[in-house]
Amino acid sequence: MFNFTGGMIDFKQTVISQMAIHKVGNKNLDEGVMLSDSTYELDDDLKDILYDYFLTPFKKEEFFTFVHESDLALNEVFNYVTHIFEQDEALLEQSIHIAKHLHKQSDHPKIKSGELYVTILKSCVIGEELVDAIGIFKSENKDTYLKFSDNELIINPEKGINVKNLDKGAIIYNTEKEEGYRVLMVDTNSTEARYWRDNFLGIARMQDDSYHTQSHLELCKEFCSDIISQDNDKQQEAEFLNRSMEYFQKNENFDFEDFSTKVIEDDERVEQFSEYKEAYEEERGVQFDAAFNIMQEDVKQMKSKFKSLIKLDTQIDIHLKQNPNDPSTNYVEKGFDEEVGMNYYKVYYNREL
């Protein structure tokens, strides 16, 4: 039996009670829809395989909600899953609506045909709640397998689904309906114009602590790239990124005034950052909170994007690692050698490690 426990999501008690399967083609390529006329009978062995296939990819606690530009009630998938939550017996009928809606949105030339699974998931833990959920999953890519007969050494190549790699999925929890439910999403192919998230599901990221942690770090990164880089000082860029990451790693809560004092420091730069943040919010249609809880799991995920690296045209890279007790600025000196006619970095150290 599949067993997964996370900070807010927990599938160890989850049971697949019903499942409907349909096949959805690419509308742009004149591929149709193959619809089932009954739900699929699940034995225990298949349930174990599907637990692993469907639920393992949902490791990231990044929540979305259903949205609509005018009225949430007009979001198709929101309506279909609501009917299923109200009555389990509606699964087949509503899954057919879901399949047809997916086909309608599958008009990008790169979208692959595939099997669509709509499931009822009983006993899902989210936070401190035990709720039912609806899983919508799609398998697209097929692998080649070698099959041997028990009685003969004959190789038979067969095409099939690799149950270690789910292509697309969504889990909709039966909680916070008025706000558009809570939704987890998986999409391994972002090159298809995000049709799974935007056009099919119609969901948007929840602006929770996880969202604000990621967004503020992304804001720092882009501010560095767009504004600080104008000074043409790679060391200054690296130090700002290091200070920003260090602040998020060492604090449980974010406070804009505190961040400005400890990380940005210079009054002129603080004003630049504030103006940049306002323009960033307006351009992307978001609103940053001035204070929120920092989620360390998201900080770890963002850390790889903060490359404190000075790349030089002489094929030499300098990696600056910020240490609050021994700031890198004490050990790196920048200058210009008039005799050689080149810029230089002078690095001080006690010993090689």
Side-chain angles (χ1 to χ4, degrees), residues 4-11 13-14 54-55 57-88 90-91 94-95 97-98 101-102 105 118-137 168-187 194-219 253-254 280-295 297-298 301:
F4 169 78
T5 303
M8 286 191 67
I9 57 175
D10 182 346
F11 298 124
Q13 301 180 57
T14 301
F54 290 156
L55 303 181
F58 292 90
K59 298 174 181 177
K60 195 173 183 180
E61 296 178 359
E62 194 172 274
F63 289 100
F64 296 78
T65 59
F66 287 109
V67 294
H68 193 276
E69 58 185 9
S70 58
D71 187 344
L72 178 60
L74 298 177
N75 181 299
E76 288 91 339
V77 179
F78 172 83
N79 266 300
Y80 302 144
V81 299
T82 296
H83 285 304
I84 300 173
F85 282 136
E86 292 172 349
Q87 187 177 15
D88 286 1
L91 173 66
Q94 299 304 320
S95 71
H97 292 319
I98 291 172
H101 174 59
L102 177 61
Q105 305 304 323
V118 183
T119 66
I120 296 177
L121 305 172
K122 296 289 186 180
S123 301
C124 299
V125 174
I126 175 171
E128 297 181 353
E129 288 188 271
L130 183 66
V131 301
D132 292 341
I134 293 169
I136 303 175
F137 313 100
K168 290 175 171 58
I171 295 177
I172 302 100
Y173 291 89
N174 191 10
T175 183
E176 301 181 32
K177 174 186 174 183
E178 292 73 17
E179 284 73 44
Y181 296 118
R182 280 204 173 201
V183 184
L184 292 175
M185 187 199 73
V186 166
D187 187 352
R194 294 178 178 174
Y195 92 102
W196 180 257
R197 185 192 73 185
D198 298 337
N199 300 341
F200 169 57
L201 292 170
I203 56 177
R205 180 75 187 278
M206 283 186 66
Q207 295 194 18
D208 52 11
D209 289 334
S210 173
Y211 169 85
H212 286 296
T213 299
Q214 292 183 29
S215 297
H216 275 77
L217 282 168
E218 193 67 42
L219 172 68
N253 304 295
F254 176 91
Y280 189 97
E281 289 174 323
E282 184 176 349
E283 180 182 337
R284 290 164 174 77
V286 299
Q287 183 68 47
F288 289 131
D289 285 355
F292 56 88
N293 297 321
I294 294 174
M295 306 302 289
E297 191 62 35
D298 296 289
Q301 293 171 3

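What's counted below: heavy atoms across the whole structure, side chains too, no hydrogens, waters or symmetry copies. Residues: numbered from 1 along the sequence shown.
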Undergrad: Under the side-chain contact (heavy atoms from CB on, under 4.5 Å) rule, collect the residues that match up with T82, sequence neighbours excluded.
TA: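 T82 satisfies side-chain contact (heavy atoms from CB on, under 4.5 Å) with F78, E86, K177, Y181 once adjacent residues are dropped.
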
Undergrad: To the closest 0.5 Å, what do you measure between CD1 (I203) and CZ (R197)?
TA: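 One finds 7.5 Å between CD1 of I203 and CZ of R197.
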
Undergrad: Using the side-chain contact (heavy atoms from CB on, under 4.5 Å) criterion, which residues pair with D209? Sequence neighbours excluded.
TA: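 D209 satisfies side-chain contact (heavy atoms from CB on, under 4.5 Å) with F292, N293, M295 only.
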
Undergrad: Give the minimum heavy-atom separation between I84 and A90, together with the two atoms involved.
TA: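 Heavy-atom minimum between the residues: CG1-O, 4.3 Å.
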
Undergrad: What are the two closest heavy atoms between F58 and F54, and how far apart are they?
TA: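 For F58 and F54, the tightest heavy-atom pair comes out as CE1-O, 3.1 Å.
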
Undergrad: Which pair of non-hydrogen atoms, one from E179 and one from L72, has the smallest distance, and what is that distance?
TA: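 For E179 versus L72, the nearest heavy atoms are C-CD2, 4.4 Å.
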
Undergrad: Looking at every non-hydrogen atom in both residues, tell me the closest pair between M206 and T65 and how far apart they are.
TA: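 Taking every non-hydrogen atom into account, CG-CG2, 3.2 Å.
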
Undergrad: Quick one: closest heavy-atom pair of A133 and Y173, and the distance?
TA: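 Smallest heavy-atom distance, with atoms named: CB-CA, 4.1 Å.
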
Undergrad: If you take the centroid of each ring, where Trp contributes its six-membered ring, are F254 and H216 closer together than 6.0 Å?
TA: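 Ring centres of F254 and H216 closer than 6.0 Å.
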
Undergrad: Which distance, rounded to the nearest 0.5 Å, do you find between the CD1 of I171 and the CZ of F63?
TA: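 Those atoms lie 9.5 Å apart.
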
Undergrad: Between K122 and D88, does any side-chain N to carboxylate O distance fall below 4.0 Å?
TA: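 Yes.
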
Undergrad: If I compare all heavy atoms of H212 with all of Q287, which pair ends up nearest, and what's the gap?
TA: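 Answer, listing the atom of H212 first, then Q287: CE1-O, 3.6 Å.
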
Undergrad: For Q13, give me all partners under side-chain contact (heavy atoms from CB on, under 4.5 Å), at least two apart in sequence or on another chain.
TA: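 For Q13 the side-chain contact (heavy atoms from CB on, under 4.5 Å) partners, ignoring immediate neighbours, are S123, V125, L130.
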
